[in-house]
Amino acid sequence: MSRPTEPCPDSLTKQDFERLSHFRYRLRCFLRQSEDICRDHGLTPLQYQLLLHLKGFTGREWASVGELAERLQAKHHGTVALVGRCEEAGLVERRPGRADRRRMEVHLLARGADLAERIAALHQPELRHLQEEFSLPGWEGEP
């Protein structure tokens, strides 16, 4: 039995399916290219995403494991393991929180910041292509 908040499948038009199919195709193209770029730089796509979220975290240069798990849409324990692998690779380090020493802060190291910058730069052409094709909030001007 479907929930009342779910749209009835009969209400979708052929154009709705075409639009969704095209969006998913373009998104997959972007992700596939991103995966290849990451692997060419010796990172997994998740490692790059972790570095990207640290570099792009609003208002500060670090994040907690919980905040990173939310950004990655991952389980807390999986994010802890990912941070550990990135730490072993010399990309990030964990530091006790300044306000609460029980809370760990994850910080980018120079190598991680450099990789994040280089890989992000290589994403710009495809990001511009998506910007031209899709009108998204906050995408006025250059990506």
Asker: Looking at residues at least two apart in the chain, or sitting in another chain, which of them share a side chain to side chain donor-acceptor pair (under 3.5 Å) with E35?
Answerer: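 Listed in chain order: R28.
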Asker: Do any pairs count as a side chain to side chain donor-acceptor pair (under 3.5 Å) and have a residue in residues 109-122, sequence neighbours left out, and if so which ones?
Answerer: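 Residue pairs passing side chain to side chain donor-acceptor pair (under 3.5 Å), neighbours aside: K55-E117, D114-R118.
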Asker: List the residues meeting side chain to side chain donor-acceptor pair (under 3.5 Å) with Q49, not counting sequence neighbours, and say none if there are none.
Answerer: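 Checked Q49 against side chain to side chain donor-acceptor pair (under 3.5 Å); zero matches.
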Asker: Report the residues that fulfil salt bridge (Lys or Arg N to Asp or Glu O under 4.0 Å) with D100, sequence neighbours left out, ordered by chain and then residue number.
Answerer: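 Salt bridge (Lys or Arg N to Asp or Glu O under 4.0 Å) list for D100, sorted by chain: R102.
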Asker: Is it true that L12 and L20 fall in one hydrophobic cluster, defined by side-chain heavy atoms closer than 4.5 Å?
Answerer: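 The answer is no; the residues belong to distinct hydrophobic clusters.
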Asker: To the nearest 0.5 Å, how far apart are CD in E93 and NE2 in H107?
Answerer: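 Here the rounded value is 7.0 Å.
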Asker: How close do F57 and W62 get, heavy atom to heavy atom, and via which atoms?
Answerer: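 Scanning both residues completely, I find the closest heavy atoms to be CD2-O, 3.7 Å.
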Asker: Taking atom types as modelled, is there a side-chain donor on Q131 or H129 under 3.5 Å from an acceptor on the other?
Answerer: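 Short answer, no.
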Asker: Who passes salt bridge (Lys or Arg N to Asp or Glu O under 4.0 Å) against R19, sequence neighbours left out?
Answerer: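 Partners of R19 by the salt bridge (Lys or Arg N to Asp or Glu O under 4.0 Å) criterion, ordered by chain and then number, come out as D16.
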Asker: Of all residues at least two apart in sequence or in a different chain, which pass the side chain to side chain donor-acceptor pair (under 3.5 Å) check with H53?
Answerer: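 H53 satisfies side chain to side chain donor-acceptor pair (under 3.5 Å) with no residue once adjacent residues are dropped.
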Asker: Sort and list the pairs that fulfil salt bridge (Lys or Arg N to Asp or Glu O under 4.0 Å) and have at least one residue in residues 36-48, not counting sequence neighbours.
Answerer: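 Applying salt bridge (Lys or Arg N to Asp or Glu O under 4.0 Å) to every pair that reaches into residues 36-48, excluding sequence neighbours, yields R32-D36.
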Asker: Listing request: all salt bridge (Lys or Arg N to Asp or Glu O under 4.0 Å) pairs with a residue in residues 62-74, at least two apart in sequence or in separate chains.
Answerer: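 Passing the test, one end in residues 62-74: R60-E67, E67-R103.
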Asker: Does the side chain of H123 come within less than 4.5 Å of S34's, by heavy atoms?
Answerer: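 They are in side-chain contact.
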Asker: In the hydrophobic clustering that connects Ile, Leu, Val, Met, Phe, Trp and Tyr at side-chain heavy-atom distances below 4.5 Å, which members other than L115 occupy its cluster, ordered by chain and number?
Answerer: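 Taking Ile, Leu, Val, Met, Phe, Trp and Tyr as members, L115 shares its hydrophobic cluster with I37, L43, L46, Y48, L50, L51, L52, L54, V65, L68, L72, V80, L82, V83, L91, V92, V106, L108, I119, L122.
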Asker: Taking the side chain as everything from C-beta on, heavy atoms only, tell me whether E18 gets closer than 4.5 Å to H22.
Answerer: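 No; the side chains remain at least 4.5 Å from each other.
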Asker: Nearest 0.5 Å, what's the NZ-OG distance between K14 and S21?
Answerer: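 K14 atom NZ to S21 atom OG measures 8.0 Å (nearest 0.5 Å).
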Asker: Could you grab the distance from atom CD of E105 to atom CZ of R95, nearest 0.5 Å is fine?
Answerer: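 One gets 7.5 Å once the value is rounded to the nearest 0.5 Å.
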Asker: Can you name the residues that form a side chain to side chain donor-acceptor pair (under 3.5 Å) with R24, not counting sequence neighbours?
Answerer: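 If we apply the side chain to side chain donor-acceptor pair (under 3.5 Å) test to R24, skipping adjacent residues, there are no hits.
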Asker: Test: side chain to side chain donor-acceptor pair (under 3.5 Å). Region: residues 75-88. Which pairs qualify, not counting sequence neighbours?
Answerer: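 Every side chain to side chain donor-acceptor pair (under 3.5 Å) pair that includes a residue of residues 75-88, provided the two are not neighbours, is E87-R94.
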